[in-house]
Amino acid sequence: MIVSKKFVYLFSEGNGKMRELLGGKGANLAEMTNLGLPVPQGFTVTTEACTQYYADGGKINDEIQAEILKYITELEKISGKKFGDPKNPLLVSVRSGARASMPGMMDTILNLGLNEEVVESFAKLTNNPRFAYDSYRRFIQMYSDVVMEVGKKYFEELIDKMKEEKGVKLDTELDADDLKELAKQFKAEYKKAKGVEFPSDPVEQLMGAVKAVFRSWDNPRAIYYRRMNDIPSSWGTAVNVQAMVFGNMGDTSGTGVAFTRNPSTGEKKLYGEFLMNAQGEDVVAGVRTPQTIDQLAKIMPDAYNQFVKICGILENHYRDMQDMEFTIEDKKLYMLQTRNGKRTAAAALKIACDLVEEGMITKQEAVCMVDPKQLDALLHPQFDAAALKKAQPIGSALPASPGAACGRVVFTAEDATEWAKRGEKVVLCRLETSPEDIEGMHYSQGILTVRGGMTSHAAVVARGMGTCCVSGCGDIKMDEANKKFTLGGKTISEGDYISLDGSTGKIYGEAIPTVPASISGYFGTLMGWADEFRQLKVRTNADTPKDAKQAASFGAEGIGLCRTEHMFFDTDRIAAMREMIVSETEEQRRTALAKLLPMQRGDFEALYEAMGGYAVTIRFLDPPLHEFLPTAEDDIVALAGEMKMSVQALKDVIASLHEFNPMMGHRGCRLAVSYPEIAEMQTTAVIEAAINVKKKHSDWDIVPEIMIPLVGDIKELQYVKNVVTTTADAIIAKSGSSLHYKVGTMIEIPRAALTADEIAKEAEFFSFGTNDLTQMTFGFSRDDAGKFLEAYYAKKIYENDPFAKLDQIGVGKLVKMASDLGKQTRPDIKLGICGEHGGDPSTIEFCHKVGLTYVSCSPFRVPIARLAAAQAAIKYPR
Ligand code: ADP
Ligand code: MG
Ligand code: MG
């Protein structure tokens, strides 16, 4: 028997737990309805209907259409109004709502159900023709915008033209006839673009709108947002159809947005904005400057008091800071949305700690409440206080998203992307931002806008990204066409440096140096809790004492990967390295290696010192040697002189080192197999450095971990390990020290993963080098993937870059298998990951589940990894 699926739910049939099916907005509208709050009633078309729409090739099938119509009838009964009835019209909003909130990603249509006939009688019924035609033009505008996919600006231009003709500044100054005329113009645009009349039948309008919302799930902005936020495209979006309430009915009406706590700082105080005689997104669009929420207390005390009460109810109910949208229709308050509010990293930490203090949530809940990726914003440099004091601001505006930004000015999102991709730090300056700008915003150090309040698009998106933003700087005289602006008497052109302070809103017409961040206050408290719960250790990838110190200050418990070759790129060292590479005899090579030994030993001593006794894993020489070879003529001549050989002879040697596919060529442990004297030198440096540092710090238990890269066969490892142990044991014996050391390997070749039980006989630890493992499992290189990944995203073959987020299905299977095989042979084997993935929260969760000992990531990701590891442990106790 086929049980037909239910695709539509009244708000009163749903609840807050049904977010997968009803989307976040729909589930919360249902939950608020259940709580008895004043919510205009309506129904939700499920995310499954969206999936079905795509399965049906972009069609809403008959079954779903019929169900929607049935629910329109239900809504007519509930509201006592009728769809398309001029005498008593039911008007609705059509609102998208995915499971995870995607702010500004998809568009809302208001006042649906109006047509020429209905609007005319609506004007008479309400005795307010201006209001009726304002609603009508908004409907046509939003509907056309969504259906034609032309962007908000398109119709705004017609409005601006009308205002200019009328000699007025605000849209509220346009009268009923002006708005009627605008409606006519909008419809003409629609006809021009679509080749058909604007639909007048409300049912046709409704189906068109639902379809447009479904389709918008797959627009480029939405796809980009999903990729940035790990949202799978299979989820789909729900559609909410809701009876309209009107904030644009006159001076006793209005609309607004508010947070129960300050989303920038976390302060426990109602925070928000509203606009009188306005509808929908007027507040966030920056059409007029909104008033702050406490001013509502004076204008409409009853509605305000009721609102404050509801805020308390919602916060207690959801046990988290709420972000709410409301409308007041002729003094009566309606709730249109609530959700857990987006917040800055600093606010997230304060709110999490405060809620524990207030007894509202547990420490575990607090730890799970903060998005690890968001911490990034706090880990990056802040302005140098002294330099900041000296700098003179050229202006200031709203501190919309905190942080320090310094970069060169660009005026379009496209330029921001392009400049940033070639390595420039940029600050994006716009009149206002729109969802089309999202990619460019992502690439910017900071965002500066001329229009818009604290809840404008730029502000909301920037806070979500942890990017500094200063908004609403009306003093700026913007000249977008010529890519320059004037502020505080200073003209700033494209490419000039400016600095933004997102915490104070100050704007500086110069570059201000920045200083590193530290972990303290609420940040420290929350990290302390995270450490109580996590089971994974967190190490860092560090090649220099500076990186190691930075990581240690962020809580790293050792070095998981030290790439020895990175130490040889310095100008004073590269010569000796080159000499080693082009050596033709062992004797020549040993001469060069003897020059490298003291440098390497010194580096290791500094690293052990920086890590204060924590484990340090040192990987032996790994990369293809050609990376070090001289290419410039004078470098070659100098090297030839140093080596007492002819320039031509050296050139021949260099040519002979050419490889067709260096990433799969003479590198990794193959170097040590060909030239064991390299491994001898590195072992000597590692062991002597450890003995020297131990002498100074007798209480430190230094156990160097020597890691052999790119092993694919146990015999390779056996060979190199033998070189290592012979060398190390002789040094230790001679020194009379009791030093212990470990020898392990990277697992980065699929063959090593497949034979991990064998490999573990020799290896005392495994470290998954998931960069190479990904590369070799997929069969494409990280450096070239950029050329075709975009096409793969567009064609939905991949949703993410497998080099950024571990492919848990394929590469992850190798990791799991190798871990299990390794443990079979050696139950106490240490397992770690040291690829780029080690700092990615979803990969960290995976590592926890697989049972690794530690993750190792770049210094700035250490706190992120600590938090992600704690969340994984809380979610999946092992
Ligand atoms: P977004 O997800 O972009 O916030 P919404 O679906 O929340 O989009 O709609 C945006 C705004 O439209 C709301 O904040 C509200 O002001 C207005 N709106 C939506 N539905 C209604 C309604 N039924 N009555 C009045 N205003 C509405
Ligand atoms: Mg919106
Ligand atoms: Mg909303």
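Put simply, the side chain of Thr260 reaches to within 4.5 Å of the side chain of Met324, judged on heavy atoms. Side-chain contact between Tyr136 and Val118 is absent, with no heavy-atom pair separated by less than 4.5 Å. Counting heavy atoms from C-beta on, the side chains of Phe307 and Met335 come closer than 4.5 Å. With a 4.5 Å cut-off on side-chain heavy atoms, Gln242 and Val39 count as touching. Taking the side chain as every heavy atom from C-beta outward, Ser456 and Glu432 never approach each other to under 4.5 Å.
Panel note: side chain Asn88, backbone Gly80; a donor-acceptor pair is recorded below 3.5 Å.
Remark: Gln41 pairs with Thr33 by the side-chain hydrogen bond (donor to acceptor under 3.5 Å, both in side chains) rule, at least two apart or across chains. Partners of Ser253 by side-chain hydrogen bond (donor to acceptor under 3.5 Å, both in side chains), not counting sequence neighbours: none found.
Of the residues Asp371, Leu867, Ile864, the one that meets the side chain to side chain contact (heavy atoms under 4.5 Å, CB included) test with Pro841 is Ile864. When each of Lys268, Arg261, Gln322 is tested with Glu315 by the rule side-chain hydrogen bond (donor to acceptor under 3.5 Å, both in side chains), just one qualifies, namely Arg261.
Going from atom OG1 of Thr46 over to atom CG of Leu21 covers 5.0 Å, rounded to the nearest 0.5 Å. Note that the NZ atom of Lys25 and the OG1 atom of Thr237 stand 8.0 Å from one another [nearest 0.5 Å]. The distance from atom OG of Ser144 to atom OH of Tyr154, rounded to the nearest 0.5 Å, is 9.5 Å. Expressed to the nearest 0.5 Å, how far CE of Met32 lies from CD1 of Ile310 amounts to 8.5 Å.
Within 6.0 Å of atom NZ in Lys849, more than 12 heavy atoms from other residues, nucleotides or ligands are found, so the atom counts as buried in its surroundings. Counting heavy-atom neighbours within 6.0 Å of Tyr792 OH, excluding the residue itself, gives a total of 12 or less. No more than 12 heavy-atom neighbours from other residues, nucleotides or ligands sit within 6.0 angstrom of CD on Glu20. No more than 12 heavy atoms of other residues, nucleotides or ligands shown are found within 6.0 angstrom of NZ on Lys17. The 12-atom threshold is not exceeded at CD1 of Ile809, counting heavy atoms of other residues, nucleotides or ligands nearer than 6.0 Å.
Residue Ala238 comes nearest to Thr44 through the heavy atom pair CB-CG2, 3.9 Å, listed as atom of the first residue, atom of the second, then distance. Residue Leu90 comes nearest to Ser79 through the heavy atom pair CD1-OG, 3.7 Å, listed as atom of the first residue, atom of the second, then distance.
The aromatic rings of Tyr53 and Phe214 sit tilted, their planes meeting at an angle between 30° and 60°. Ring pair Tyr143/Phe198 is perpendicular by interplanar angle, where above 60° counts as perpendicular and below 30° as parallel.
Note that Lys332 lies in the cation-pi zone of Tyr334, set by a 6.0 Å cut-off to the ring centre and a 45° limit from the axis.
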What's the verdict on side chain to side chain donor-acceptor pair (under 3.5 Å) for Asn111 and Gln279, showing C-alpha distance, side-chain angles and the deciding distance? CA-CA 10 Å; Asn111 312 323; Gln279 193 176 47; 2.9 Å; yes

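Ionic pairing of Lys77 and Glu74 is present here: one or more N-O contacts between side-chain nitrogen and carboxylate oxygen are shorter than 4.0 angstrom. One finds a salt bridge joining Asp218 and Arg226 here, because a Lys/Arg side-chain nitrogen approaches an Asp/Glu carboxylate oxygen to under 4.0 Å.
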